[in-house]
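Following: one structure in structure tokens, then a few remarks.
This is a predicted model, so every value here is computed, not measured. In what follows, every chain begins at residue 1, and chains take the letters A, B, ... in the order their sequences are listed.
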Number of protein chains: 2
Amino acid sequence: MKFSADDILDAAARVVLTRSGSPPVAEIAREVGAPVGSVYYRFASRDELLVSLWLRSVRDFQQGFMAACRLEPAADAVVAAARHIPVYCREHPAEARAMTLYRQAELVRAAPESLRDEVATVNDQVNALSLELTRRRYGVADEWRTTLLTTATRQCPYGLVRPHLGGPIPDWIDDATAACARAIAALGD
Amino acid sequence: MKFSADDILDAAARVVLTRSGSPPVAEIAREVGAPVGSVYYRFASRDELLVSLWLRSVRDFQQGFMAACRLEPAADAVVAAARHIPVYCREHPAEARAMTLYRQAELVRAAPESLRDEVATVNDQVNALSLELTRRRYGVADEWRTTLLTTATRQCPYGLVRPHLGGPIPDWIDDATAACARAIAALGD
DNA sequence: GACAATTTAGAACATGGATTCTAAAACTGT
DNA sequence: ACAGTTTTAGAATCCATGTTCTAAATTGTC
């Protein structure tokens with residue numbers, strides 16, 4: 001087996017880092033050193049390849065994020081989870097870029113049949129942890145506070161990092177992220 | 001003149017609102033009720049059309065943003081400028097979506113020759129105001145504090161709004177944006 | 001070593017969509 | 001009304017890229 005699925009995904013990740021938008025199959029093939037036919041031997045379609053890359057990247061990211069969510073006390077967990085986003089993106093630029101290829105909400109409808117289920121459930125564990133974190137932080141986990149913490153730990157940090165993806169992520173972003181996370185979380189007190 | 005440039009841009013804006021990514025020329029033509037040839041009579045290329053739309057949307061957005069930047073005292077201006085972003089995106093969903101079509105940094109290189117200059121200078125006025133606002137807010141406008149205020153008034157608000165573009169923008173986003181703006185701005189004190 | 005299954009190769013094909021082209025229609029000024 | 005200019009029309013062309021196909025090479029098995 002000259003070209004494993006992971007070899008191809010690794011190459012795809014490298015390519016994604018160097019261009020904006022989704023790369024053509026031919027470019028991924030060139031990067032891994034295979035003809036396009038070989039790529040199609042592993043993946044049924046370009047979509048399946050890129051969505052697989054997205055899934056793999058998201059899962060890799062979630063590991064550290066979930067670890068941060070479990071910290072005590074809850075207030076620290078919120079800040080740590082938020083900080084994890086710029087930190088992860090700095091250390092894993094290719095995965096970070098790959099995660100921007102799709103948004104989960106769209107993929108649930110648009111992903112190839114074979115990956116639809118994985119896409120639909122990929123956030124389940126994280127969402128469960130978010131709910132638990134909300135309960136720990138506020139005592140209750142009503143919808144409003146859950147949304148608030150999701151914003152503080154995910155949306156806002158991601159929004160701050162996003163413009164830097166593709167280049168180096170300045171260190172001060174981490175502090176700005178932490179400050180925002182605290183400020184947003186405080187709205188629920 | 002059956003189809004003015006602005007008619008076509010208006011149609012393009014409407015189309016952009018209904019799909020993710022840049023629309024095909026044929027779809028814009030259909031929306032304005034013209035054959036594709038007529039679209040190409042007004043715009044040299046699809047890129048020129050879409051970059052024009054981007055420019056028009058950015059300029060429309062900047063009006064209110066700059067007004068907010070001029071408020072006194074400076075601390076209020078920071079919060080008002082930040083808030084302007086979710087407010088504008090809520091009231092002008094099509095323009096908001098159009099602004100996401102490109103990032104200025106990329107366009108400076110990639111835009112059609114004829115629009116390159118406009119793209120390069122489109123932020124000049126806003127940047128000048130940001131610098132002045134920084135001076136008012138902190139007494140000095142060193143690079144660090146200028147970056148901080150740009151993050152507080154633009155990057156962070158935009159990051160918070162972004163996931164909601166295409167749908168309704170919840171009202172609480174405005175408060176989260178304001179809280180973040182204050183928190184980030186405070187890092188420079 | 002021979003046979004089967006897997007994997008690689010890359011040329012051929014298909015398609016969506018941008019762009020061009022030419023003719024017709026609609027204006028404009030005289 | 002006429003000549004000239006602008007604008008509309010939409011079919012034809014072109015191109016990038018995704019996908020398929022068939023043959024060759026490799027690997028695994030008895």
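For A:Glu48, there are no salt bridge (charged side-chain N to carboxylate O under 4.0 Å, His left out) partners, not counting sequence neighbours. Scanning for side chain to side chain donor-acceptor pair (under 3.5 Å) contacts around B:Arg137 gives B:Asp189, with sequence neighbours left out. By the salt bridge (charged side-chain N to carboxylate O under 4.0 Å, His left out) test, A:Arg135 is found to be paired with no residue, residues two or more places apart in sequence or in another chain being considered. Applying the side chain to side chain donor-acceptor pair (under 3.5 Å) test to A:Arg97 and every residue at least two apart in sequence or in another chain returns nothing. For A:Gln104, the side chain to side chain donor-acceptor pair (under 3.5 Å) partners two or more places apart in sequence, or in a different chain, are A:Asn123. With sequence neighbours left out, A:Arg30 forms a salt bridge (charged side-chain N to carboxylate O under 4.0 Å, His left out) with no residue at all. Every residue was checked against the side chain to side chain donor-acceptor pair (under 3.5 Å) condition with B:Thr121, not counting sequence neighbours, and none meets it. Take A:Arg162 and apply the side chain to side chain contact (heavy atoms under 4.5 Å, CB included) test, not counting sequence neighbours, and it matches A:Thr100, A:Tyr158, B:Arg162.
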Solution key, residues 69-79 of chain A side-chain donor-acceptor pairs under 3.5 Å, sequence neighbours excluded:
unit_1, atom_1, unit_2, atom_2, d
A:Glu72, OE1, A:Arg136, NH1, 3.3
A:Glu72, OE2, A:Arg136, NH1, 3.4

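Comparing the start and finish of the helix from C:dG1-D:dC30 to C:dT30-D:dA1, five pairs each, the helix axis swings through 10°, to the nearest 10 degrees.
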Contact list (N/O, under 3.5 angstrom) for nucleotides 16-24 of chain D vs protein:
unit_1, atom_1, unit_2, atom_2, d
D:dG18, OP1, A:Arg46, NE, 2.6
D:dG18, OP2, A:Val25, N, 2.7
D:dT19, OP2, A:Tyr40, OH, 2.7
D:dT19, OP2, A:Arg46, N, 2.9

Pull out every protein N or O sitting under 3.5 Å from an N or O of nucleotides 5-7 of chain D, one pair per line with the distance.
unit_1, atom_1, unit_2, atom_2, d
D:dT7, OP2, B:Tyr41, OH, 2.7

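Ring orientation note: the planes of B:Trp54 and B:Tyr102 are nearly perpendicular, at an angle over 60° on the 30°/60° scale.
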